[in-house]
Asks: 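This is the structure, below, for whatever I ask next.
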Amino acid sequence: MTSEEDALAAVLARVTALPSVKVALADSLGQFAAQDALALRPLPAFDNSAMDGYALRADSCRAGVKLRVVGEQPAGADRGLAIAAGEAIRIFTGAPLPAGADAVIMQEDVSREGETIVVQGNAEPGEFIRRQGSDLAAGQKILFRGERIAAQTMALLASQGIGELKVGSAPRVAIVSTGDELAKPGETPKPGQIFESNSIMLRALTLAAGGQITRVEHCPDNLETMIEIFRRGVQGDAFIISGGVSVGDHDFVKPALRALGAEIDLWRVALKPGKPFLFGRAGRCCIFGLPGNPVSAFVTFLKFVRPALLKMEGAAEEFLGLRKVTALLASEVTNPGDRTHYLRGRLDEGAFTLSGRQESHALFGLSRANALLRVVARGKFAAGQSVTVETWD
Ligand code: AMP
Ligand code: MG
């Protein structure tokens, strides 16, 4: 059986970024930059006032001094004003600094009398001035290839006048659930049947990971039908199969993939839940065979499918994993088994508490969970211990 680390490395080694696309900056949120970007202009672009007040020379600004107001510079067009000693210019936040001025005094710190002001305090050189380039220099890197574009990154790019950029494209993903025992929500289950619940979860997880869904189908446990349905499934960039990948007499996923000529790179991982996980390829399409048990499908999606989809979208390595958070463990946890165990629980105000039964069919506990705790084979954590959990919210 392959270790979790080797399995992930084997998957990622076979996944490459899809060709990039150019999008409007406004449409780039959450996508991965397919290019670096350099600052085209400094920030601030020119020396300007940080306050509504008066621009002046610091050496002529002493408490009680009277200064002549010789002009007004609002934010916007630069009026090309200048001052000499003993003069001031009315100025507003963001307005370009007049030549000769080296400080701004707040309007609250002066009293205005007609065309003069009386200053009530001293000013230091540079006070309330935002200097050109003090935030960002032209040529500085402002976007890294593979970085996830956040709202604040978009603001920085917009501040440079950048209106469009190259991002990774969304993988086209097909999803197929398998199993004779599964009824579609809306149907009446026959005795012995249960409702099919994986495909809706895998669809949602795929969308949350930035994929686009091309088809969602259900397939009975029948080899011929499976080959037909799988043939359609492997037309895109990724194909996610739920169930039928274990060693039972009705588990036809592997024979169906072989009949299609797919390459099976990996089967069975030392992971709980998720042992029967399969990874293979047919042409350019990556195939993920997830166990049918809902918790196993959920965990193997987050641990193997999600990083692969993100890599296809052009994500840098640091973005492939889930977010790690330190938490205090509410109760003792042990893993007497020989596979790495992902326990499901709730992270709340820095405390992590297991939620529900920790079996691979136990969907209710999973539905309450927002974090995973990884416990290595024969590993143990004490109650109250500080642990690292991984969240997906
Ligand atoms: P399998 O991996 O096909 O052996 O299925 C393992 C368990 O997961 C069985 O109890 C199945 O009934 C259940 N199961 C498989 N696929 C689904 C599904 N799509 N929705 C809900 N349960 C499923
Ligand atoms: Mg099955």
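Basis for what follows: all heavy atoms, side chains included, without hydrogens, waters or symmetry-related copies. Atoms within a ligand are numbered from 1 in the order they appear, just like the ligands themselves.
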Asks: State whether the shortest distance between N or O atoms of E196 and N or O atoms of ligand 1 falls below 3.5 angstrom.
Replies: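 Yes; the residue has a nitrogen or oxygen that sits under 3.5 Å from a nitrogen or oxygen of the ligand.
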Asks: Could R57 and D59 be called an ion pair, given the rule that one side-chain N must be under 4.0 Å from one carboxylate O?
Replies: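 Looking at R57 and D59, the cut-off is met.
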Asks: Among all protein heavy atoms in this structure, tell me which lies nearest to atom 4 (O) of ligand 1, with the distance rounded to 0.1 Å.
Replies: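 The closest heavy atom on the protein side is D251 OD1, 4.0 Å.
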Asks: Side chain or backbone, does N293 bring an N or O within less than 3.5 Å of an N or O on ligand 1?
Replies: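 Yes - when backbone and side-chain N and O of N293 are compared with those of ligand 1, one distance drops under 3.5 Å.
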Asks: How are the rings of F288 and F277 set to each other: parallel, tilted or perpendicular (split at 30° and 60°)?
Replies: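 Aromatic pair F288/F277 classed tilted.
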Asks: Would you call E359-R344 a salt bridge at under 4.0 Å N-O?
Replies: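 No.
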Asks: Are F230 and F239 near enough that their ring centres are under 6.0 Å apart?
Replies: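 Here the rings of F239 and F230 have centres that are less than 6.0 Å from each other.
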Asks: Distance-only criterion, 3.5 Å: show the donor-acceptor pairs between side-chain atoms of residues 309-319 and protein atoms not counting sequence neighbours.
Replies:
| residue | atom | partner | partner atom | Å |
| --- | --- | --- | --- | --- |
| K311 | NZ | L12 | O | 2.8 |
| K311 | NZ | V15 | O | 3.2 |

Asks: Using a 4.0 Å cutoff against the non-hydrogen atoms of I194, which atoms of ligand 1 qualify?
Replies: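 Reading through ligand 1 atom by atom, the close ones are 12 (O), 22 (N).
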Asks: Which bit of V245 is near ligand 1, meaning a heavy atom under 4.0 Å away: side chain, backbone, both or neither?
Replies: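 No part of V245 is near ligand 1 at this cut-off.
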Asks: Could you tell me which atoms of ligand 1, counted from 1 in the order shown, lie closer than 4.0 angstrom to a heavy atom of L182?
Replies: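 It comes down to these atoms of ligand 1: 16 (N), 17 (C), 18 (C), 19 (N), 20 (N), 21 (C), 22 (N), 23 (C).
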Asks: For S197 and ligand 1, answer yes if some heavy atom of the residue is under 4.0 Å from a ligand atom, otherwise no.
Replies: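 S197: in contact with ligand 1 (<4.0 Å).
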Asks: If the threshold is 4.0 Å, N to carboxylate O, is there a salt bridge linking R374 and E5?
Replies: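 Counted as a salt bridge, because a side-chain N and a carboxylate O are separated by less than 4.0 Å.
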Asks: State if G244 counts as touching ligand 1 under the rule of any non-hydrogen atom under 4.0 Å.
Replies: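 A heavy atom of G244 does come that close to ligand 1.
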Asks: Using a strict cut-off of 4.0 Å, indicate which atoms of ligand 1 neighbour a heavy atom of S242.
Replies: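 Here the atoms of ligand 1 in question are 16 (N), 19 (N).
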Asks: Does Q212 use its side chain to pair, donor to acceptor, with the backbone of A170 at less than 3.5 Å?
Replies: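 Side chain of Q212 to backbone of A170, a donor-acceptor pair under 3.5 Å: yes, one is there.
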Asks: Can you report which non-hydrogen protein atom sits closest to atom 2 (O) of ligand 1, along with the distance?
Replies: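 Looking only at protein heavy atoms, the one closest to atom 2 (O) of ligand 1 is G292 N, 2.9 Å.
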Asks: Walk me through whether L97 and I129 qualify under side chain to side chain contact (heavy atoms under 4.5 Å, CB included).
Replies: CA-CA 8 Å; L97 194 70; I129 293 175; 3.5 Å; yes
Asks: With a 4.0 Å cut-off on heavy atoms, does G179 reach ligand 1?
Replies: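 In this structure, G179 fails to qualify as a contact of ligand 1 - no heavy atom is under 4.0 Å.
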Asks: Who's the nearest protein heavy-atom neighbour of atom 12 (O) of ligand 1, and how far?
Replies: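 In this structure, atom 12 (O) of ligand 1 has E181 OE2, 2.6 Å as its nearest protein heavy atom.
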Asks: Any N or O of G243 that comes nearer than 3.5 Å to an N or O of ligand 1?
Replies: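 No, no N or O pair falls under 3.5 Å.
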Asks: Just by distance, do the side chain of N335 and the backbone of V376 share a donor-acceptor pair under 3.5 Å?
Replies: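 Yes, because the side chain of N335 sits within donor-acceptor range (under 3.5 Å) of the backbone of V376.
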